Peer 1: 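Right, I'll just put the structure down here and ask away after.
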There are 2 protein chains.
Amino acid sequence: MQKKTKATRKPRITIREVASDAGVSVAAVSKVLRDAYGVSDALRAKVQASMDKLNYRPLASARGLRGRTYTLGLIFPDLRNPFFADVFSGVNAALERTQYQAMQGISTSANALVEAMIDRQMDGLILIGPNEQAERLDEIAARLPLVLIGHHQETERHFDVVNNDDQLGARLAVRHLVNNGYRNVAMLSLGTPVSSVIQQREIGYRMEMVERGLGEYITIVRAPQVLRDVQIVLRNFLESRNRPEALFCWTDLMAFKAISVATEMGLAIPDDLAIVGYDNTVFCDFAQNRLTSIDQSGEVLGLQATRLLIERINGRVEADQFMVTPRVVVRASSQRVKKG
Amino acid sequence: MQKKTKATRKPRITIREVASDAGVSVAAVSKVLRDAYGVSDALRAKVQASMDKLNYRPLASARGLRGRTYTLGLIFPDLRNPFFADVFSGVNAALERTQYQAMQGISTSANALVEAMIDRQMDGLILIGPNEQAERLDEIAARLPLVLIGHHQETERHFDVVNNDDQLGARLAVRHLVNNGYRNVAMLSLGTPVSSVIQQREIGYRMEMVERGLGEYITIVRAPQVLRDVQIVLRNFLESRNRPEALFCWTDLMAFKAISVATEMGLAIPDDLAIVGYDNTVFCDFAQNRLTSIDQSGEVLGLQATRLLIERINGRVEADQFMVTPRVVVRASSQRVKKG
DNA sequence: TCAAAAAAGTAGAACGCTACACGTAGAACA
DNA sequence: TGTTCTACGTGTAGCGTTCTACTTTTTTGA
């Protein structure tokens, strides 16, 4: 510990000062703040005026000790996937004109972060693409309002779930490729830990392949999140004897990497190898990628999750859910140049 | 307001329970918690044992009301630029084995977010690439410990600054291009609001061009952050009569967009147009980009900023600073294929 | 017109911690 | 031996809110 010479900072305006300035009780100011019952328009106006005049802002710590902090925790699994930026803008849109503020945390293993957020009195939590077991999630939900984005386990649960139909999304990807003449369609999936989102996409891929009579071509290659490992796995796979004609990647980020590896190997996209991603992130449109991708409307997911969370904070107890229907956004990476 | 049927959650373990379990005073437990002076090894051990046994975790709100919250605020200007992921991992590395936790906020105009973070009793703030005026920054610094990443105003200040040498970085970019035979080198810069980082890069670009005797070619094109606008501006510029031979972009993200626009127009990179970015983000390596870029070691920046912030929280008052020297990482986007 | 009900406003305890002020015991010193 | 110092512990006020219980005022309705 170091010596504390900390400069004395001027103290904050407190609720007491507002009350005395407005000539009302502290309790009255608190009521205005919380939009609680039993406040006349006249009183509200008086208090508002004093708050504006004094530039008062309630202190979240103090509020937290008795009631809410008006802070929502948002946990992302990583910062590199641009898909999360879409989700985030949805959250922000939902928070506009509310008293709530979002604080983000980023961690692959949400566990420690969840505890830290609970310690910091978040009023509720949104977990995006969590890896945790259903049991653990219920444990968290027992402690504070919880909404999950991207979770498919069908259990009795005490939290809300916002999803896109990942199974359908994968089917759409395969369907699109097959309709464009590709038969040997492989899938690039994620190694452990396997989230339910990935599982659904794998199932969708498998089912569609089987239904199209292409069961014999089913190949799922799994790689970790780390790009260096993806490089190695993909390179090996694409150099092998049974190189596929098309590759469906579980997220755009991996698809971009796939484009990179294929390009390095001198493969032409989409003639030698077609590629489809998932998320329809902003980089898909870039001319060096032109990546066909499944759009799952990240912004809508973020928006809905936030709405549900606030409802839940306000007392809803039953589990709710929301599902977005994905759609294919076709670009050059998956359509063979027409011959003839 | 909705009816509150909120399930009663089991109450937290408090410091009082720990104290009684350990058979010591509440004050003693608090001392252990804060690593404060006047605690014997025996007492510490007893208290630790009880904390572990009861699974006690101090409540940040309560701590904040008297002392610190052990929470640092991190404000990013946006989520889409992968450079910030590098900074973030540096922050995380510095936080390992400390009691501190980082909470992220994302906003182009940090102002409201800064207030929100102060309301939430952050012990200190790290602002990354802030647009605020020096005056406003000092005002913030008067209220809580502050460290900036990417700020170049030479003023009397009450905060710390962590930078890479942006002027040098820009010079290196130009130098590299000129050494590779390009003469008409333009720069893609950011429209308003102009941060000091951008200013430095523009200065570096200008000075190096002049010193190389290429002053007549100096052209700075400015576009907003929004990709759609960048597209329009760039397209116009590259279609114009005086298309440059090379383009130095203020950040990789823009450089990727530039690659996209050039590719759309059928320009070959680097033969028709060389491109250099800034940040050396992970996507530079992808074969569809192969982007030469200036590395400013985001991770180091994040790490140092965090160290300085914690020092400052612990009482340091004098302004400190840290500077990283950038370097060029050469890839195919800036080297003409050798002829003959 | 008056009692009852609804609305508006207030007092003050409580939330979980920190830090100040203080007490005590033993060691060091003269 | 007495005095001073240091190390170790403790008691408790108070941080800025919310919220319950209460009082006062106004409205309603017969």
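Throughout, a chain's letter reflects where its sequence line sits, starting with A, and its residues are numbered from 1. Quick note: numbers below take in every heavy atom, side chains included, and nothing from hydrogens, waters or symmetry partners. No experiment lies behind these values; they were computed from the predicted model shown.
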Peer 1: Nearest whole angstrom, please: distance from the C1' of dC15(C) to the CD1 of I13(B).
Peer 2: 16 Å
Peer 1: Taking 4.0 Å as the cut-off, does a side-chain nitrogen or oxygen of S30(A) come that near to OP1 or OP2 on dC19(D)?
Peer 2: no
Peer 1: Give the rounded distance in Å between these two atoms: CG of L65(A) and P of dG14(D).
Peer 2: 17 Å
Peer 1: For V39(A), report the nucleic acid contact type (base, sugar-phosphate, nothing); a contact means any heavy atom under 4.0 Å.
Peer 2: sugar-phosphate
Peer 1: CD of Q133(A): more than 12 outside heavy atoms within 6.0 angstrom?
Peer 2: no
Peer 1: Which residue pairs satisfy the salt bridge (Lys or Arg N to Asp or Glu O under 4.0 Å) criterion with at least one member in residues 99-116 of chain B, sequence neighbours excluded?
Peer 2: E115(B)-R136(B), E115(B)-R143(B)
Peer 1: Whether T14(A) contacts dG16(D) is assessed here as follows: a side-chain N or O lying under 4.0 Å from the phosphate OP1 or OP2. Is that the case?
Peer 2: no
Peer 1: Give me the one residue out of L74(B), V114(B), L72(B) that meets side-chain contact (heavy atoms from CB on, under 4.5 Å) with L125(B).
Peer 2: V114(B)
Peer 1: Through what angle, rounded to 10 degrees, does the axis of the helix from dT1(C)-dA30(D) to dA30(C)-dT1(D) turn between its ends, using five pairs per end?
Peer 2: 30°
Peer 1: In plain terms, say whether D119(B) and R12(A) are close enough for a salt bridge, that is, a side-chain N and a carboxylate O under 4.0 Å apart.
Peer 2: yes
Peer 1: Can you tell me how far C1' of dA11(C) sits from CZ of R16(A), to the nearest Å?
Peer 2: 12 Å
Peer 1: In whole Å, I'd like the distance from the CG atom of D119(A) to the C1' atom of dG16(C).
Peer 2: 13 Å
Peer 1: Over how many whole Å does the gap from R63(B) atom CZ to dG16(D) atom P extend?
Peer 2: 19 Å
Peer 1: Which sits closer to the 5' end of DNA chain D, G23(B) or L33(A), going by the nucleotide each is nearest to?
Peer 2: G23(B)
Peer 1: Can you tell me how far C1' of dA19(C) sits from CG of D35(B), to the nearest Å?
Peer 2: 16 Å
Peer 1: Could you state the atom-to-atom distance from CZ of R44(A) to P of dA7(C) in whole Å?
Peer 2: 14 Å
Peer 1: Quick check on dG9(D): is either OP1 or OP2 less than 4.0 Å from any side-chain nitrogen or oxygen of S40(B)?
Peer 2: yes
Peer 1: Choosing from dG9(C), dT17(D), dG16(C), which nucleotide comes nearest the side chain of L43(A)?
Peer 2: dG9(C)
Peer 1: More 5' along DNA chain C: K31(B) or L59(B), using each one's nearest nucleotide?
Peer 2: L59(B)
Peer 1: Give the nucleotide from the list dT18(D), dG9(C), dT18(C) with an atom nearest to the side chain of I15(B).
Peer 2: dT18(C)
Peer 1: Tell me whether the side-chain N/O atoms of Y56(B) come closer than 4.0 Å to OP1 or OP2 in dC17(C).
Peer 2: yes
Peer 1: May I ask you to verify if any side-chain N or O of R12(A) is less than 4.0 angstrom from the OP1 or OP2 atom of dG16(D)?
Peer 2: no
Peer 1: Got a salt bridge between R316(B) and D160(B), using NZ or NE/NH1/NH2 to carboxylate O under 4.0 Å?
Peer 2: yes
Peer 1: Using a strict threshold of under 4.0 Å (side-chain N to carboxylate O), is an ion pair present between D21(A) and K46(A)?
Peer 2: no
Peer 1: Could you state the NZ-P distance from K46(B) to dT10(D), rounded to the nearest angstrom?
Peer 2: 8 Å
Peer 1: Got a second to check how far T306(B)'s OG1 is from I149(B)'s CD1, nearest 0.5 Å?
Peer 2: 6.5 Å
Peer 1: Is R66(B) side chain donor-acceptor paired with the dA19(C) base, going by distance under 3.5 Å alone?
Peer 2: no
Peer 1: Is there a side-chain polar atom (N or O) of R34(A) under 4.0 Å from OP1 or OP2 of dC19(D)?
Peer 2: yes
Peer 1: For the pair F159(A) and H151(A), name the ring-plane relationship: parallel under 30°, tilted 30 to 60°, perpendicular over 60°.
Peer 2: perpendicular
Peer 1: Closer than 4.0 Å, any side-chain N/O of Y37(B) to the OP1 or OP2 of dC8(D)?
Peer 2: no
Peer 1: Compare the minimum distances between each of dT12(D), dT10(C), dT18(C) and the side chain of A27(B), then state the nucleotide with the smallest one.
Peer 2: dT12(D)
